[in-house]
Trainee: 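Structure provided below as structure tokens; questions to follow.
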Amino acid sequence: MRAQSGDWLVIEAGDEHQHARRGLIEQVRSADGVPPYLVRWLDTGRTALVFPGPDAHVLTAAELARIDATVTARCAAVQTEIGRRSRR
């Protein structure tokens with residue numbers, strides 16, 4: 001795993017008791033981009049030094065924007081379909 005400042009760390013949900021987390025990588029401590037990373041978590045606003053496990057991956061800002069745009073489009077399509085069916 002390699003990252004640079006400004007990338008996003010995503011930790012997938014391990015089980016039903018954990019939720020997926022997303023955090024902005026604010027600092028990479030090594031020149032080659034390997035962990036640990038200083039991450040500011042979106043869900044808490046807290047900053048932590050993170051040694052990511054196997055359930056984590058790094059996304060660039062551009063990759064995350066593409067994913068978010070896809071999710072937004074899918075949500076809009078579902079809402080449109082719900083509205084269409086409720087008017088029947």
Side-chain angles (χ1 to χ4, degrees):
M1 177 179 301
R2 298 191 189 283
Q4 58 186 353
S5 294
D7 287 347
W8 292 86
L9 182 66
V10 178
I11 300 179
E12 301 298 341
D15 59 34
E16 68 275 1
H17 301 291
Q18 295 178 329
H19 63 279
R21 297 186 80 190
R22 185 188 298 179
L24 179 63
I25 298 173
E26 294 186 338
Q27 185 181 64
V28 178
R29 301 255 168 141
S30 66
D32 60 355
V34 298
Y37 307 128
L38 188 65
V39 176
R40 180 169 307 276
W41 296 110
L42 286 182
D43 59 349
T44 64
R46 292 186 169 185
T47 302
L49 187 62
V50 179
F51 293 81
D55 57 344
H57 58 276
V58 173
L59 297 173
T60 65
E63 290 169 329
L64 186 62
R66 280 194 299 276
I67 291 169
D68 285 348
T70 300
V71 169
T72 299
R74 285 182 183 166
C75 288
V78 168
Q79 289 174 340
T80 299
E81 182 65 18
I82 290 170
R84 188 182 66 76
R85 289 181 184 209
S86 68
R87 288 188 291 270
R88 285 184 182 175

Trainee: How would you list, by chain and number, every residue that makes a side-chain contact (heavy atoms from CB on, under 4.5 Å) with Ala65, sequence neighbours excluded?
Mentor: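 Checked Ala65 against side-chain contact (heavy atoms from CB on, under 4.5 Å); zero matches.
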Trainee: With a cutoff of under 4.5 Å between side-chain heavy atoms, which Ile, Leu, Val, Met, Phe, Trp and Tyr residues group with Met1?
Mentor: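 Listed partners: Leu9, Ile11, Ile25, Val28, Tyr37, Val39, Trp41, Val50, Val58.
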Trainee: Can you list everything that forms a side chain to side chain donor-acceptor pair (under 3.5 Å) with Arg66? Sequence neighbours excluded, please.
Mentor: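 Applying side chain to side chain donor-acceptor pair (under 3.5 Å) to Arg66 gives none.
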Trainee: Can you measure from CD1 (Ile67) to CG (Leu59) and round to the nearest 0.5 angstrom?
Mentor: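 These two atoms lie 4.5 Å from each other.
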Trainee: List the residues meeting side chain to side chain donor-acceptor pair (under 3.5 Å) with Asp32, not counting sequence neighbours, and say none if there are none.
Mentor: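 Residues passing side chain to side chain donor-acceptor pair (under 3.5 Å) with Asp32: Ser30.
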Trainee: Per the salt bridge (Lys or Arg N to Asp or Glu O under 4.0 Å) rule, what does the pair list look like for residues 40-53, sequence neighbours excluded?
Mentor: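 Checked against salt bridge (Lys or Arg N to Asp or Glu O under 4.0 Å) - neighbours excluded - the pairs reaching residues 40-53 are Arg21-Asp43, Glu26-Arg40.
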Trainee: How long is the span from the CG atom in Leu64 to the CH2 atom in Trp8, to the nearest 0.5 Å?
Mentor: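 Here the interatomic distance stands at 6.5 Å.
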Trainee: Name all residues meeting the salt bridge (charged side-chain N to carboxylate O under 4.0 Å, His left out) criterion together with Arg22; count only those two or more places apart in sequence or in a different chain, and write none if there are none.
Mentor: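 Here the qualifying residues are Asp68.
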Trainee: What pairs with Ser86 under side-chain contact (heavy atoms from CB on, under 4.5 Å), at least two apart in sequence or on another chain?
Mentor: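 By the side-chain contact (heavy atoms from CB on, under 4.5 Å) rule, Ser86 matches no residue at all.
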Trainee: Not counting sequence neighbours, which residues clear side-chain contact (heavy atoms from CB on, under 4.5 Å) with Gln27? List them please.
Mentor: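 Once residues adjacent in sequence are excluded, the partners of Gln27 under the side-chain contact (heavy atoms from CB on, under 4.5 Å) criterion are Arg29, Leu38.
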Trainee: Quick one: list whatever passes side chain to side chain donor-acceptor pair (under 3.5 Å) with Ser5, sequence neighbours left out.
Mentor: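 For Ser5, no residue satisfies side chain to side chain donor-acceptor pair (under 3.5 Å) once neighbours in sequence are set aside.
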Trainee: Output all residues satisfying salt bridge (charged side-chain N to carboxylate O under 4.0 Å, His left out) with Glu63, sequence neighbours left out; order by chain, then residue number.
Mentor: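 With neighbours one apart ignored, the set is empty.
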Trainee: Closest approach of Pro35 and Pro52, non-hydrogen atoms and distance?
Mentor: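 Smallest interatomic distance, heavy atoms only, reads CB-CD, 3.6 Å.
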Trainee: Check side chain to side chain donor-acceptor pair (under 3.5 Å) between Glu81 and all other residues, then give those that pass, not counting sequence neighbours.
Mentor: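 Side chain to side chain donor-acceptor pair (under 3.5 Å) check on Glu81 returns Arg84, Arg85.
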